[in-house]
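Naming convention: chains lettered A, B, ... in sequence-line order (proteins, then strands); numbering from 1 in each chain.
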Amino acid sequence: MHIERPRDLAEALAGFDSHPRATPLAGGTDLMVEVNLSHLRPETVVALRRVSELQTWDDRFVGAGVTYARLQAGPFPALAELARTVGSPQIRAAGTLGGNLGTASPAGDALPFLAALDAEVVVASHGGERTLRWDAFLVGPKRTALRPGELIVGVRLPDHIPARQAFGKVGVRQAMVIATVNCCVVRDEEGATRVAMGAVGPTVLRARAAEQLVSSTSRPSPSMLEEFQRLVSDEVVPITDHRATERYRRHAAGVLARRTLERCLAP
Amino acid sequence: MSETLVRRPPVRGGVGASVPRPDGVPKVTGRFEFLGDMHHEDMLWGATRRAWVPHARLVRVDVTPALAMPGVHAALTQDDVPGHRYQGQAVTDQPVLAEDEVRYWGEPVAIVAADDPETARRAAEAIVVEVEELDPLTDLDVALERGAVFRHVPVRRGDPDAHGEVVVEGTYVTATQDPAALGTEAGLAVPDGSGGIDLWGPTQWTHIDLKQLAACLALDPAQLRVQPCRLGGAFGSREDLSLQTHIGMLALRLGRPVKMVYDRHESFVGHVKRHGALMHYRHEADRDGTLVRVDARILLDGGPYQLTSNAVIANSTYFAVGPYRCDHVTVDGYALRTNNPPSGAMRGFGANQPCFAAEAQMDRLAAALGMDPLELRLRNALGQGDRLPTTGQLIEHPLPTDEVIRSVAAIPLPDPADDDDPLHLPGGTGMTTPRSRVVRGVGYAVGLKNLQFSEGFDDYAEARVELTADGAVVHTAAIEVGQGMVTIIEQIARSALGMSNVRVEFDHTGRIGSAGSTSASRQTQMAGNATLEAATAVREQALAAAGGDDLDDAGVWRDGALVASLTELTANGPLTHHVRYRHRPTDQPDADGQGELHVDFCVAAHRAVVDVDPDLGLVRVVEIAIGQDVGRALNPQQVHGQIEGGIAQGMAHAVMEEVLLDRGVIRNPTLTDYLLPTCLDAPHVEAALVEVPSPWGPFGAKGMAELPTMSATPAVAAAIRAATGLPLTRVPIRPEDIAVPDPPPDDPEPHPPEAGGR
Ligand SMILES: Cc1cc2nc3c(=O)[nH]c(=O)nc-3n(C[C@H](O)[C@H](O)[C@H](O)COP(=O)(O)OP(=O)(O)OC[C@H]3O[C@@H](n4cnc5c(N)ncnc54)[C@H](O)[C@@H]3O)c2cc1C
């Protein structure tokens, strides 16, 4: 196995010229699991830890190489909350935002935050940079719009980020568990609300009808919250797998979204 | 003997002291050399080719592609087994490598040895395995219908026509649980240059391994030294052979050391599991709560090979009622043959599954009688002088069922929680649950289990004590599996000798006879009693040799003066004594399952306090309290360690631990999806040790380490039932069972007995 250890983005991208099929490696907390399970045998690995551009976190730009440990200590409450739920301290010290996007698991815990904020994913290749909105980047379960030779540089968050935001995740353990449903809700002072749900569809998805219902009022009534919960349950498209049944996921999505919204509504 | 012991001041590090484990700090700091860390110059790496089908005819196995790879030294199949081609403890029905049929998902078909683990793994994958898939038998009712029975254990006691006034019935399911020891299977086989080998493998009983391995490898037992190993956990899963025969074959074939280590995925198919069970129960009682009759049918999923299923189903059957008096009992226990993963021993050994069902039944009965569940249990509590409800055996020794129940009930309940720290709420870090949505529940359960081997098994343990100028050494083949042999043997020897300078040497099979299995809660009493007798004899030899009245680390004393130093005492060689200790014999069951089948028993009572989020079905186990029968705690800290670990394992089976099976295929063979409790999931534990000395255990001790697991599971289930009002007849209880329970079948009863289903 050949390993490239670039120090900056240009060097990293140049690495792909000589090895077009090279595999990017960030924290390795997904990639090495695949290698250990013999699902993957990369010939060339581009190790990204030293690439300074990816480590940048500059206000609204969060570099792909920013770890959960850093996100946990950052200024955005929902991002910090979701980071706390990821794995164990060891995983949070190694695992990165870019890796979560690269894996594009339907249950990826960072993804609902990006979806709720309509974040953009910045990707670069030797040829230049392009920017894709989250839903153009995440195209299916474990599938992204990334082209060979392209790297995720980071995500760009919108200028306006509501202070009212919360993340919630249902799993069978108190910690270190893959989500059976996860959810991020953001709500601005006017009431505009965005609700992103994970692990209940091929990719993270937005519960648009539910969003619309509660966006028009400043104080949703209990019956409206009831309706909100029902709409979320209707909008998600979960499957039954070894982690949960479709019926439970649909139910839990509604409950979780409602409770996460209630956290945003709390004075 | 006991009089001299009483007169002397206690020695340092003797019984009753919380002697710390010497391997504790190295284990948690990463300096302990586990089995999988072993290394030998010039060693090769083994790997296993498995068939990933639950049931198939094996059409063709072609190892030539593997042999063609550079760095590959051997690729062997069942045809290459040098001796007997089947293994198994009681019945040798398990082919060393699949022969003409694949009977479970992941069954080994071929093995390879190569220069490095990666090459070995790729070579194993390169082996051509052609199969013709067959329909797997995975349903217990179907297995019973087809007569796929390893053993049927009937119990017929009392009057078949005796009936109680109040009847409750139920069907209960316990899913398959994996022991999930943190150390995966690993082993090393080293040829000795003269046709024999030294073999290190995951074991709980080297001499039973020796018997099977010598037969399969066609070696004289003297040519094979099965070595004690440094295990990363066992819980029963090391009672049956895993990779030992395979590395032995490769080492013998190549004349080179061969090491093998399973990865986690392989480990999930590489060791036995706790039997999944399907149980039907009917309890009948009089209005005053006296238990009159229990009828039960217990089906255990044995997987394709017998292994220890014969003994496991005996336990399920004989402990089907739990620690309660009852004169009219009918039980039919069946260990069934299926194409699910092989089942075998796991902490509690068959007593856990019926404990879950029978304790749920006791709660139902209490509800039907309008009685407090604890009062019902106390009213029927089994004790010394009573008869075991199933086998009719007289309980000769103390059995403090009443005391363990009262002592657990006396522990104050935890405060009603009021803080909003998500780590203290269901859902934990996921921040799913506000305090206002939490419902608290409390539940009790009581467990009963035998100690040692039963049903007429010739059960013994050997130990040898040697006294030299440097102090005393205890030799034993007992295996330390993490439970504490490493201190207990020394503590017993110290107290018996009156010396502190004692150490234990764990011997391979060539140096001492069998100590029996480190299982069945037996070693503290078995290897412990062998040590006690040998040490007492050595002390008596020393006193007699020097004409003294006391012994300590300096030597022999008379009237307060040293009369012989250890050097003088052992000038003509060490003083030694060798013991083969046997517990009193037990009977084989008669046709009705009656007889004195067991040596002794142990009980524990659990109280679980849970916080449930009924909307999401999430559960946090807040606290588990236990009243535990221990005879006498020889090492209180270790007793508490066993209690905490056992409770974590038992409570996890109630809320998360399940091998998910889909027509014989394991859906979650990883620690990502086979959920073990984290420290945030493990409850606070409060323990009350009930010390009623065993008349025959060393210094009054009883084996105790299985009980903490057993009734933890039903206690948690009972607490969740109390919080939710749901019948919850299956463990683990999944979030969907609480949040979106299946609608009960058309039945006017609010808690229909058949509601659990599968
Ligand atoms: C024990 C454990 C617990 C876990 N718990 C959680 C959890 O709770 N929630 C959760 O969401 N995930 C969890 N994960 C999964 C994993 O930690 C996360 O998905 C993490 O974000 C992956 O980041 P990484 O840096 O380790 O990625 P890597 O494993 O290095 O890479 C993942 C994928 O992304 C690609 N990639 C990485 N960086 C880039 C880049 N800059 N450009 C292009 N492609 C890139 C890689 O090629 C690879 O395909 C867990 C994993 C483990 C082992």
Side-chain angles (χ1 to χ4, degrees), chain A residues 1 29-30 33 35-39 41 72 77-78 80-88 91-92 107 109 166-183 229 233 240-260 262-263 266, chain B residues 118 121-122 124-125 263-266 422-434 436-437 613-621 652 655-658 660-662 665-682 732-742:
Chain A
M1 189 187 296
T29 60
D30 276 324
V33 174
V35 171
N36 286 339
L37 289 174
S38 298
H39 295 164
R41 285 187 55 79
Q72 217 180 320
E81 285 164 11
L82 75 85
R84 171 64 184 92
T85 74
V86 174
S88 56
I91 297 297
R92 296 197 288 277
D109 282 320
F167 174 83
K169 164 174 165 181
V170 175
V172 181
R173 261 194 315 216
Q174 292 288 99
M176 198 152 104
V177 66
I178 295 182
T180 39
V181 185
N182 55 19
C183 165
Q229 175 176 335
S233 287
T240 292
D241 65 11
H242 57 283
R243 294 188 189 126
T245 58
E246 185 256 325
R247 182 156 158 250
Y248 174 75
R249 278 199 167 101
R250 193 175 282 289
H251 165 84
V255 174
L256 181 67
R258 175 183 176 167
R259 289 188 183 169
T260 312
E262 282 169 346
R263 282 164 55 204
Chain B
E118 181 62 14
R121 189 162 83 172
R122 286 163 61 200
E125 281 163 20
D263 67 19
R264 182 61 58 187
H265 184 279
E266 190 169 23
L423 301 189
H424 298 162
L425 288 160
T429 59
M431 300 181 72
T432 52
T433 307
S436 60
R437 313 311 288 245
D613 174 346
D615 295 330
L616 287 175
L618 300 178
V619 176
R620 175 171 178 262
V621 182
V655 292
M656 60 179 83
E657 280 195 42
E658 172 174 7
L660 293 163
L661 293 169
D662 180 5
V665 177
I666 301 179
R667 299 287 306 278
N668 58 340
T670 65
L671 293 185
T672 306
D673 283 315
Y674 185 84
L675 296 179
L676 295 171
T678 71
C679 50
L680 289 180
D681 300 283
I733 296 165
R734 300 156 293 198
E736 47 257 49
D737 298 332
I738 298 171
V740 283
D742 286 331

query: How long is the gap from NE2 on A:His242 to CG on B:Leu661, to the nearest 0.5 Å?
result: 13.0 Å
Side chains of A:Arg250 and A:Ser233 in contact at under 4.5 Å (non-hydrogen atoms): yes
Minimum side-chain heavy-atom gap B:Met431-A:Arg84 below 4.5 Å: no
message: Under 4.0 Å between a side-chain nitrogen and a carboxylate oxygen: does that hold for B:Asp615 and A:Arg259?
response: yes
query: Contact part of A:Asn36 toward chain B, heavy-atom cut-off under 4.5 Å: side chain, backbone, both or neither?
result: backbone
A:Leu82 vs A:Asn182 side-chain heavy atoms within contact, under 4.5 Å: no
message: Working to the nearest 0.5 angstrom, can you tell me the gap between A:Thr260 OG1 and A:Phe167 CZ?
response: 8.5 Å
query: B:Leu671 versus chain A, heavy atoms under 4.5 Å apart: side chain, backbone, both or neither?
result: backbone
query: Does any heavy atom of chain A fall under 4.5 Å from the side chain of B:Leu616, the backbone, both, or neither of them?
result: both
- prompt: For B:Leu425, is it the side chain, the backbone, both, or neither that has a heavy atom closer than 4.5 Å to a heavy atom of chain A?
  reply: backbone
- request: Measure B:Arg122 against the heavy atoms of chain A and call it side chain, backbone, both or neither at under 4.5 Å.
  value: side chain
query: Can you tell if the side chain of B:Ile738 reaches within under 4.5 Å of the side chain of B:Val619, non-hydrogen atoms only?
result: yes
query: Where on B:Asp263 is there a heavy atom nearer than 4.5 Å to chain A: the side chain, the backbone, both, or neither?
result: side chain
- prompt: Quick one: what part of B:Glu658 sits under 4.5 Å from any heavy atom of chain A, side chain, backbone, both or neither?
  reply: neither
- request: For the pair A:Gln174 (side chain) and B:Gly427 (backbone), establish whether a donor and an acceptor sit closer than 3.5 Å, ignoring hydrogens and angles.
  value: yes
field: Top of A:Met176, A:Glu81, A:Arg41 for chain B proximity - count of heavy-atom pairs under 4.5 angstrom
entry: A:Arg41
Selection from A:Leu37, A:Thr245, A:Asp241 maximising heavy-atom pairs under 4.5 Å formed with chain B: A:Thr245
query: So which of A:Arg173, A:Glu262, A:Arg263, A:Arg247 has the biggest tally of heavy-atom pairs under 4.5 Å with chain B?
result: A:Arg173
Which portion of B:Pro669 sits near chain A, non-hydrogen atoms under 4.5 angstrom: neither
Selection from B:Asp681, B:Leu676, B:Leu680 maximising heavy-atom pairs under 4.5 Å formed with chain A: B:Asp681
field: Choice from B:Arg264, B:His265, B:Arg437 maximising heavy atom contacts with chain A below 4.5 Å
entry: B:Arg437
field: Salt bridge flag under 4.0 Å for residues B:Asp673 and A:Arg243
entry: yes
Residue A:Val33 versus chain B: region with a heavy atom under 4.5 Å: neither
task: Could you tell me the separation between the CG atom of A:Asp109 and the OG1 atom of A:Thr85, rounded to the nearest 0.5 Å?
output: 4.0 Å
- request: Salt-bridge test for B:Asp662 and B:Arg667: reply yes if a basic N is under 4.0 Å from a carboxylate O, no otherwise.
  value: yes
message: If I measure from the heavy atoms of chain A, does B:Leu660 come under 4.5 Å with its side chain, its backbone, both, or neither?
response: side chain
task: Name the member of B:Gly617, B:Gly428, B:Pro732, B:Cys679 that forms the most heavy-atom pairs with chain A at distances under 4.5 Å.
output: B:Gly428
Contact origin within B:Glu125 toward chain A - heavy atom pairs under 4.5 Å: side chain
